[in-house]
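Proteins get letters first, then strands, A, B, ... in listed order; numbering begins at 1 in each.
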Amino acid sequence: MATRYNPKEVEPKWRAAWDEAGVFRAKPPSEAGEKPKAYVLEMFPYPSGRLHMGHVRNYAMGDVVARHRLASGYNVLHPMGWDAFGMPAENAAIEKGAHPGVWTRDNIEAMKEQFAPLGLSFDWSRELATCEPSYYAHQQRIFLKMLENDLVYRKTSKVNWDPVDNTVLANEQVIDGKGWRSGAAVEQRELEQWFFKITSYADDLLQGLETLENWPEKVRTMQSNWIGKSRGAKIRWPVSGDAPDGVDQIDVFTTRPDTLFGASFLALAPDHPITKRLSETRAEVADFIAECAKIGTSEEAIETAPKLGIDLGFTVRHPFDPDWEIPVWSANFVLSTYGSGAVFGSPAGDQRDLDFARKYDLPVTPVVLPPGADAADHKIEDEAYTGPGEIYNSRFLDGLSTDDAIDAAIAKLEDLDLGEGATTYRLRDWGVSRQRYWGCPIPVVRCETCGVVPVPDEQLPVELPNDPDFSQPGNPLDRHPTWKHVTCPQCGRDALRETDTLDTFVDSSWYFARFCNTDSDAPVDREEAAYWLPVDQYIGGVEHAVLHLLYARFFTRALQTCGLIDLPSAEPFAGLFTQGMVTHETYKSADDKWLPPEEVDQTKSGAWIEIANGRPVTVGGVEKMSKSKKNVVDPTLIISDFGADVARWFVLSDSPPERDVQWTQSGVEGAWRFVQRLWSVADAAPDADDGLADTGDALELRRAIHRAIEGVGQGIESFRFNTAVAQIHELTNTLKKAETNSSAGMNTARREGIAVLAQLTAPFAPHIAEECWARIGCKGLVVQADWPTADPSLLTLDTVTLPIQVNGKKRGEIDAPVDANADQIEELALAEMKVAAFLSDKSVRKVIVVPGRIVNIVAS
RNA sequence: GCGGGCGUGGUGGAAUUGGUAGACACGCCAGACUUAAAAUCUGUUGGGCGUAAGCCCGUGCCGGUUCAAGUCCGGCCGCCCGCACCA
């Protein structure tokens, strides 16, 4: 008697069984035996308190990989934790008066409850939360080690100040001149800050990218651009004329020393030290600096801002001709943060320089002749020529190619001791100070006598005070009545704690290493890290392509330098996969308000209406699920209606994992139908075998089964879950059809097929897979069963169907023995009725036989 | 502006990397079951012509290479993402 599959009863049963068997506990290296290791990790979530579909998709993908590796005989580490520090907890404190710690820990509990029914193969015994002293104590140790090893320093610097969040932002957190979280226009302020010396690894971080073959090309490119390596020359220009006191040269970086003879001005950034010096005595320079500061840093402002400059009233001498004096300007298009904050303008070869030169009537001397151009009539009007060519108007460089001229110019500069070849990076050091309560305290004390003193190890962790006051803006740690008042660990006198906390990106830069042994007394257990790292497969959103992933790569290098880990490669993530988002249609009511999907419906005629009042609804674009547009579907509701398997199956079907997937009601129903169909196939299983299944239809069925084994395995390993799903569908359909076939050996073949189907489905929809496995009487749990292997003899066929083309168009097909040679196939092809008929009035010129694939007859 | 990616039925997407375009799924349509609906099952479904066997067209556009092009090459058009006055 057919039964309906009821996930509400079945799913909890199997989760309990997995728990009881402890199947997801990673074994420490000493107990792993011969098994190879596999470290599968998804980016850990921020505990917002609310599970969303993006989580479901992310963790379902990781689960497919982890469960497949587990079944394939690996010792799998698949841990879970919480990226638990951060501003939302403080915002909750400010808005609702909740303590950030209480709020965060409650959220973690709530989310754990929402995660549980998904049936993910996490090893919860290694759970960690970055806000717990047991985690951040080690982070403070790492910080102090980095301090010892010169990887941390303090400097006063201009910082991005978010006036709404009252905090400093990293460059990466400023998007279009606005705070990444608040959206407020970012201001510039001078503050003393802690910095991580990520730039000392710039080249290594760049080179390491080349070894990351299992990373998306896109992410590698983005990181490479972010690091931004440029080769060129550093040139020291001796000053002349009425230069400020103490200034005897100006350093300039250029990638184009070949265009030096086209130089017509030097330009300094408005906040270059020399410009600032001059502003103290010259009002017009001060006015100019103020004018430049007024122009925002937004994309639009930069694009439309006209070139602005001011003649600083002194000159420099050309490095190749001491008699040639060149005026020094300050210009708004020069960045103080790149190179040396100064450029030489060679207008014919650079559009910005040209715009500037035209505006202020500075000379424009072309020095690069484009290929094929004539020196006599090559002119620069409004467009600079930036391409390669032959150097002219350039004395000793004349006649050289641009590339050769670069080398020659650098050699000459080195000769004259006025410069040398140089490399510059766009990457800047990572400012990690945050004026925030809910973060990892920076474990140092400031003493008037001793300066900055590290907190001694036995006093770690420096814990956050439990009674922060959020009634006023600013940093509660700084305002706290007692917390910052300490005695200096060195001299014993009164001193002050550092009240800044660390950027939360620090927390996530090493958690994957902590997972290797969450009980270790050291920040990272050296031996276990050597065993587990690198993470074999890391999965997360592409929004972390630069920030988190670059910082984590920096951290493994820093940990290595500090002697805290010992790995053959400093790359933390051998494989990276960036998954797409979950999207949904958007809906707007008649009065232009966003409506959630559950409040709208489609009538028979296809019109969309608001359920509450029947008024028409406008269907908008398909966009990432977001609270603001209300196009959100709550996974918890889907799971309670349809079960976790349906939710998981849906987010893994149809769309390739790297692309966005659109959530639709009909798609959910499709997934539900599949689960029911799968169960009906398993439920209809014959009770016993009926002999050998090596002939006729039974053999054909077995072939289909083994093709599915092959295909699904490959699909999983290559992150083509959608095609793996399609093949599971296909096998299910084949098995369904086989139910009415009573040929010899069919029962045997069907029982094999259902067992295989359960195994192939298990990584995707693990609960129903267990139920099917049990239904046909297989021993143990499917999660513990060895992944099936395809029998190679069943993957090849005796006969193949070959299409026959005539002049590239299909005209018929033949069945040929798989081992037939080209001559035999040709003979069969030419004899095929339709082909022969088609060829009756033509003569065959050539026959191309591609064995196993196709036959093409060229005829005329 | 620079860098990366993409463009295939009504829809999401397949296509063994140059070898039968449209697997699988959604939707639509038809049929079975039902008093009826839902659910379920079965079948059809790229477009055009044809009673039919069949023929023609078809992977953004134009051209090329090849026995053979969604796939390779050249040139356009469009969309998406990242970076952006980086010297």
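The partner of B:U42 is B:A30, by the rule that a Watson-Crick or G-U pair needs both atom distances under 3.5 Å. The partner of B:G1 is B:C83, by the rule that a Watson-Crick or G-U pair needs both atom distances under 3.5 Å. B:G7 is paired with B:C77 under the Watson-Crick or G-U wobble criterion, all donor-acceptor distances under 3.5 Å.
Residue-to-nucleotide contacts include no donor-acceptor pair under 3.5 Å from the side chain of A:Lys218 to the base of B:C81.
Residue A:Val850 is classed as a base contact, given a heavy-atom separation below 4.0 Å to a base. A:Asp654 comes within 4.0 angstrom of a nucleotide base, judged by non-hydrogen atoms across all strands. Here A:Gly228 lies out of heavy-atom contact (under 4.0 Å) with every strand. Note on A:Asn733: only backbone sugar-phosphate atoms sit closer than 4.0 angstrom, heavy atoms only; bases stay farther off. A:Ser653 comes within 4.0 angstrom of no nucleic acid atom, judged by non-hydrogen atoms across all strands. Here A:Arg845 lies out of heavy-atom contact (under 4.0 Å) with every strand.
One finds a salt bridge joining A:Arg220 and A:Glu217 here, because a Lys/Arg side-chain nitrogen approaches an Asp/Glu carboxylate oxygen to under 4.0 Å. Under the 4.0 Å criterion applied to side-chain N and carboxylate O atoms, A:Arg236 and A:Glu420 are assigned as salt-bridge partners.
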